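What you see is a predicted model; the values in this text were computed from it and never measured.
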Amino acid sequence: MFLYKDLLSEVQQFCDHGVETGIVGESELNQTIPYIFVGQKNGNYMIVQSAIHAREHLTALVAVCLAKRLLSNKDLTLNGGIYFVPMVNPDGVRLCQEGTEWIDNPEQKEYLLSLNGGSRDFSLWKANAKGVDLNVNFDADWGKGDQNVFQPAPQNYVGEYVESARETQALVEFTNLVKPIVTLSYHLKGEQIYWQFDQDDDRLARDRQYAQAISAYTSYELVSGQGSVGGYKDWCIREFKIPSFTIEVGSDQYPHPFPYSQLSAIIKQNEDLPRRLLNTVVRDKEKMEMTTFNR
C-alpha cells in the first residue's frame, strides 16, 4: 500500500531534486497536505487532486506517478503548470490503512470506532477523521445529494455546514490562490468521467468536448452524475466556470479495498492525460482571447 509516510518521503525526494513542493493546508488531526508543482509559472494552471476519499488511497500513488512521468520526460511540452495534490484526506487514508493505533487521543479513537460500528477494520472508510465525506462538503448545492446523510458516518455525511472540514477549507483556499483553468479529481472506481454541473449551454458544449476527448484517450465512459452534488468538481465548475472533471479510475470488477496490482493498467490509461488536457485548454483559451482582441 501507499502510506502517508510514503507520500511524505516521495515529496521530500521531489524537493531534493529541485522540484517545487509545498503545503496546501492541514487535516483535522494536523497532518500536512502536500502538493507537487510541475511545469512553468505562466498563469495557466491545473490542479490534480486525489485521495479525497480515504479508501481510494491508490489514487495518491497514481498522482505521484503522473508527476514523475512529466518530470522524467523532458521532450514533453507543458504549456503551463500542474499542481498535484496527491492526498487531500491523510487522516482518512491512515484510518483505512492503519486503523486508530496512530491516534494519540483516546476519545478520538473511541469516537471513530463508534462511527465504524465498533469495528477496528476501517478499510472501507471514505470520510475524514470527523466522519465528514469531504467530496460532499463543498459549496455546490451542498446537502442536496441523493445519498447525503446528516450525521457523522464512514461516508456521505455532508458536514455540519458548507466547508466545515479543515481539508475542504484548505483545498478551497489553495484553489482560490492558484486560480486554475482546469481541474482533475481522481477517484476509484468504475472507469467513468463526470463532467457536468449546472453549466450554461456554451460551457456545457465546451466541457462535453473536453470530456469526449478524455474518454477517447482513456476509454472511460461519460456519465452525467445527476444526484451527486457538493463535490470539488462541482464547486470548481460553479465558482470558476472552468472545465472540471472527476475521473473514476479502475475497473468495477474489483471490490474495495481496490488492489494495487491494477496500478500499471491505470497509469497506462492516464499517463499523459493531465498534460494533454492542460495544453488543450490553454490552446483554446488563447484562441478565445485572440478572437476577443481582434473584435
Hey, is [X] close enough to [Y] for a salt bridge, meaning N to O under 4.0 Å?
| X | Y | answer |
| --- | --- | --- |
| K189 | E56 | no |
| K130 | E28 | yes |
| R69 | D272 | yes |

- Q49 and S185: side-chain donor and acceptor closer than 3.5 Å?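 Distance-only check passes for Q49 and S185.
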- Hey, are H53 and D133 close enough side-chain-wise for a donor-acceptor pair under 3.5 Å?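 Checked: D133/H53 side chains pair up, N/O donor to acceptor below 3.5 Å.
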Which heavy atom in [X] sits nearest to a heavy atom in [Y], and how many Å separate them?
| X | Y | answer |
| --- | --- | --- |
| A60 | S50 | CA-OG, 3.8 Å |
| L3 | Q97 | CD2-OE1, 3.0 Å |
| A129 | L95 | CA-CD1, 4.4 Å |
| P86 | P34 | CD-O, 3.6 Å |
| V158 | G143 | CG1-CA, 4.0 Å |

- How would you list, by chain and number, every residue that makes a ring-ring contact (aromatic ring centres under 6.0 Å, His included) with Y157, sequence neighbours excluded?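 So Y157 forms no ring-ring contact (aromatic ring centres under 6.0 Å, His included) with any residue.
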To the nearest 0.5 Å, tell me how far [X] [atom1] sits from [Y] [atom2].
| X | Y | atom1 | atom2 | result |
| --- | --- | --- | --- | --- |
| S244 | I237 | OG | CD1 | 5.0 Å |
| Y186 | T59 | OH | OG1 | 10.0 Å |
| E191 | S215 | CD | OG | 11.0 Å |
| T183 | K233 | OG1 | NZ | 9.0 Å |
| S219 | Q269 | OG | CD | 5.0 Å |

- Message: Under the side-chain hydrogen bond (donor to acceptor under 3.5 Å, both in side chains) definition, can you give me all pairs with a residue in residues 200-209, not counting sequence neighbours?
- Response: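 Qualifying pairs: Q199-D207.
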Test item: [X] side-chain N/O and [Y] main-chain N/O as donor-acceptor pair under 3.5 Å:
| X | Y | value |
| --- | --- | --- |
| R275 | T77 | yes |
| K126 | V132 | no |
| Q192 | T246 | no |
| K144 | D141 | no |
| N148 | G145 | yes |
| Y45 | G43 | yes |
| Q169 | E163 | yes |
| T280 | R276 | yes |
| E239 | D234 | no |
| N156 | V149 | no |

- Item | Worked verdict on D91 versus Y4 for side chain to side chain donor-acceptor pair (under 3.5 Å) | CA-CA 9 Å; D91 294 349; Y4 178 61; over 6 Å; no
ILVMFWY network linking [X] to [Y], side-chain heavy atoms under 4.5 angstrom:
| X | Y | value |
| --- | --- | --- |
| M87 | F122 | no |
| L124 | L188 | no |
| I181 | V178 | no |
| V48 | Y210 | yes |
| W195 | Y217 | yes |

Decide if atom [atom1] of [X] counts as having more than 12 heavy atoms of other residues, nucleotides or ligands within a radius under 6.0 Å.
| X | atom1 | answer |
| --- | --- | --- |
| Q253 | CD | yes |
| R120 | CZ | no |
| N30 | CG | yes |

- Task: Take Y220 and N270 through the side chain to side chain donor-acceptor pair (under 3.5 Å) test and state the conclusion after the steps.
- Result: CA-CA 10 Å; Y220 297 165; N270 290 270; 3.0 Å; yes
Looking at side-chain heavy atoms only, is the closest gap between [X] and [Y] below 4.5 Å?
| X | Y | value |
| --- | --- | --- |
| L278 | V182 | yes |
| K68 | E10 | yes |
| L171 | F138 | yes |
| V223 | I193 | no |
| T175 | P180 | yes |
| V229 | W142 | no |
| I214 | I247 | yes |

For [X] and [Y], I'd like to know if the aromatic rings sit close, meaning centre-to-centre distance below 6.0 Å.
| X | Y | value |
| --- | --- | --- |
| Y260 | H57 | yes |
| F240 | W235 | yes |
| Y83 | F174 | yes |

- Task: Step by step, work out the side chain to side chain donor-acceptor pair (under 3.5 Å) result for D121 and S119.
- Result: CA-CA 5 Å; D121 180 1; S119 173; 5.3 Å; no
- Query: Cation-pi between K41 and F37: NZ/CZ under 6.0 Å from ring centre and within 45° of the ring axis?
  - Reply: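 Checked: cation-pi criterion met.
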- Just do the side chain to side chain donor-acceptor pair (under 3.5 Å) check on E20 and Y35 with the steps written out, would you? CA-CA 8 Å; E20 179 186 333; Y35 74 79; 2.8 Å; yes
- Message: I'd like to check the side chain to side chain donor-acceptor pair (under 3.5 Å) partners of N137; sequence neighbours left out, ordered by chain and number.
- Response: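 If we apply the side chain to side chain donor-acceptor pair (under 3.5 Å) test to N137, skipping adjacent residues, the hits are S164, T168.
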